[in-house]
**Q** 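My structure is below; once you've seen it, I'll send some questions.
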Amino acid sequence: MIELRGVHKAFGANRVLCGVDLVVPKGKSMVIIGGSGTGKSVALKCILGLVRPDAGAILVDGQDVTGTDRESFLGRFGMLFQGGALFDSLSVWQNVAFRLLRGAQKSSPDRAREIALEKLRRVGLKPEVADLFPAELSGGMQKRVGLARAIADDPEIIFFDEPTTGLDPIMAGVINELIREIVVEMGATAMTITHDMTSVRAIADDVAMLHDGVIKWTGPVGEMDASGNPYLDQFIHGRATGPIEAVR
Amino acid sequence: MGLLRDLIGGVGRSALALLGGLGRGVLFLFRTVAAIFSLPFYIREFWHAVLTIGYFSLPVVGLTALFTGAALALQIYAGGSRFQAEAVVPSIVAIGMTRELGPVLGGLMVAARVASSIAAEIGTMKVTEQIDALVTLSTDPMRYLAAPRVLAATLTVPVLVAVGDSIGIFGGYLVGTGRLGFNTGAYLQNTVDFLETWDVLSGLVKGAVFGFLVALVGCFFGMNSGRGAQGVGRATKSAVVSASVLILASNYMLTELFFTG
């Protein structure tokens, strides 16, 4: 279980998170929605320790993330980045097997390649792709490789940062399906940030709406449409008028 | 009054920014040294850095040294002829190349070539979230990116300086024997007789310091790069300018340390 208690984060005068409280139950898929620049990515990065919160606590399975051994803590996570964040200098299979080739639990290169090929197959990529470099792949293929890397060592918790941004609707649908299948199959706890409502409906068990640095609404995806929350209603229906100020 | 306040405020802000940058730079230096002496050490990245920093810099360092040695021979001959001291050309070329011009020009060439490429590469990795990805994959960016590059530059730039020294002296020899009428045997004898071990060693020590600074500065500006193409461009420019200034400043301090008092 992931728990955020009163998390605050500011960058200079810009207060991004102003007391975020959120609980993601073990094995559930939580999707955080909200407009651009509302702090969704910052919240994710706070959990991973990439950004240090100014105040508040972040607990994973009841343990404060700041008090744990970084390597073993991060070893429980997988993350799919918005732009893929694949390493340009490494081939596709080396990207996927990056963690398997390093660290305390490292596998032999042959075994790591074998696992990488299996994970690539799981995300719908053929073995021929394994020896290409990221620059030789399309956007959709890069996302798939990023997804394969995120699940390479079967993490307990997977984060997805804007998984469908920049993809055409069909490819976005494929990625959404893959994410849902993989999360269910692995029994992992998932946390996704997106503003793509199709993704929300495809991926989420629970939804949280972040706005003005706080969670405005949270609940099961099935209750989202009848929530009666004006922020959530405006966001899911894409209205220009409402409590969320739209800059024209 | 308002203008004066703005002026003083501006000076104060610049001073604070400079001190802040200096503090971050010193902390980065300590973190890099700690990363070099801690495990895991990424040997594959180290050898890759040796190749890109050392081996691929050989042509530019060699050409720079060749023309510098040749021009130095002409200048010393022209200057020495004013007081009938043309015979000092071989020894002054050798001493000038090994003590000063070899390490400084080699260092500056490496700064232009390597500090810029390190800053651009790491800066691009930062803006495309590759550095964040490294962290989430339980890999310390200081150990994976900075330590191999800084160690490789510290070890390979002295080798580049040694090669540059030899080529520079050879450039002086070519001009001395081909254009200025020196006897080939006498030129070489003069070079060897006047050159001391410390002349060469001091240049190599300077090379190691310059290599360390060049890679350190490249990594520092890359990891602190701003967003987008403009941020990476600014980081690259700052890396080259800072590395060049640091080379010249540290060269003066090392020369004071080695050759005075």
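In this text, all values refer to a predicted model and were calculated from it rather than measured experimentally.
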**Q** Name the member of B/Asp132, B/Thr139, B/Leu39 that forms the most heavy-atom pairs with chain A at distances under 4.5 Å.
**A**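 Sorted descending by pairs with chain A, the first entry is B/Asp132.
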
**Q** More than 12 heavy atoms of other residues, nucleotides or ligands under 6.0 Å from CZ of A/Arg180: yes or no?
**A**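 Enclosed.
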
**Q** May I ask you to check whether over 12 heavy atoms, not counting those of B/His48, lie within 6.0 Å of atom NE2?
**A**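 No, because the 6.0 Å sphere around NE2 of B/His48 holds 12 heavy atoms or fewer from other groups.
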
**Q** Could you report the tightest heavy-atom contact between B/Met125 and A/Phe87, atom names first, then the distance?
**A**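 Answer, listing the atom of B/Met125 first, then A/Phe87: CE-CD2, 4.2 Å.
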
**Q** Take atom OH of B/Tyr252 as the centre, draw a 6.0 Å sphere, and report whether it contains more than 12 heavy atoms from other residues, nucleotides or ligands.
**A**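 For B/Tyr252, atom OH is not crowded (no more than 12 foreign heavy atoms under 6.0 Å).
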
**Q** Are the side chains of B/Leu137 and A/Arg102 in contact, using a 4.5 Å heavy-atom criterion?
**A**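 Side chain of A/Arg102 against side chain of B/Leu137, heavy atoms only: no contact under 4.5 Å found.
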
**Q** Identify which part of A/Asp88 has an atom lying under 4.5 Å from any heavy atom of chain B, answering side chain, backbone, both or neither.
**A**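 Both the backbone and the side chain of A/Asp88 come within 4.5 Å of chain B.
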
**Q** Among A/Phe159, A/Phe81, A/Phe77, find the one that has a side chain to side chain contact (heavy atoms under 4.5 Å, CB included) with B/Thr136.
**A**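 Only one of A/Phe159, A/Phe81, A/Phe77 forms a side chain to side chain contact (heavy atoms under 4.5 Å, CB included) with B/Thr136, namely A/Phe81.
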
**Q** Could you check whether any side-chain heavy atom of A/Lys45 comes within less than 4.5 Å of a side-chain heavy atom of B/Glu129, counting everything from C-beta outward?
**A**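 A side-chain contact exists here, since the closest heavy-atom pair is under 4.5 Å.
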
**Q** More than 12 non-hydrogen atoms from neighbouring residues, nucleotides or ligands closer than 6.0 Å to CD on B/Gln230, yes or no?
**A**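 Incorrect, the count does not exceed 12.
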
**Q** How close do A/Leu86 and B/Gln130 get, heavy atom to heavy atom, and via which atoms?
**A**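 The answer is O-CD, 3.3 Å.
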
**Q** At a 4.5 Å cut-off on heavy atoms, which part of B/Arg44 comes close to chain A: side chain, backbone, both, or neither?
**A**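 Looking at B/Arg44, just its side chain touches chain A.
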
**Q** Is it the case that atom CZ in B/Phe46 sees more than 12 heavy atoms from other parts of the structure closer than 6.0 Å?
**A**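 More than 12 heavy atoms, drawn from other residues, nucleotides or ligands, come within 6.0 Å of this atom.
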
**Q** Quick one: what part of B/Ile131 sits under 4.5 Å from any heavy atom of chain A, side chain, backbone, both or neither?
**A**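 Contact with chain A involves no heavy atom of B/Ile131 at all.
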
**Q** Would you say that A/Leu74 contacts B/Val135 through its side chain, given a criterion of any heavy-atom pair below 4.5 Å between the two side chains?
**A**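 Of all side-chain heavy-atom pairs linking B/Val135 with A/Leu74, at least one is under 4.5 Å.
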
**Q** Got more than 12 heavy atoms from elsewhere within 6.0 Å of CZ, B/Arg113?
**A**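 Result for CZ/B/Arg113: enclosed.
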
**Q** Provide the closest heavy-atom pair for A/Gly75 versus B/Ser138 in the form atom of the first, atom of the second, distance.
**A**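 Looks like N-OG, 3.7 Å.
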
**Q** Would you find more than 12 non-hydrogen atoms of other residues, nucleotides or ligands less than 6.0 Å from B/Leu19 atom CG?
**A**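 Yes, the 6.0 Å shell around CG holds more than 12 heavy atoms from other groups.
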
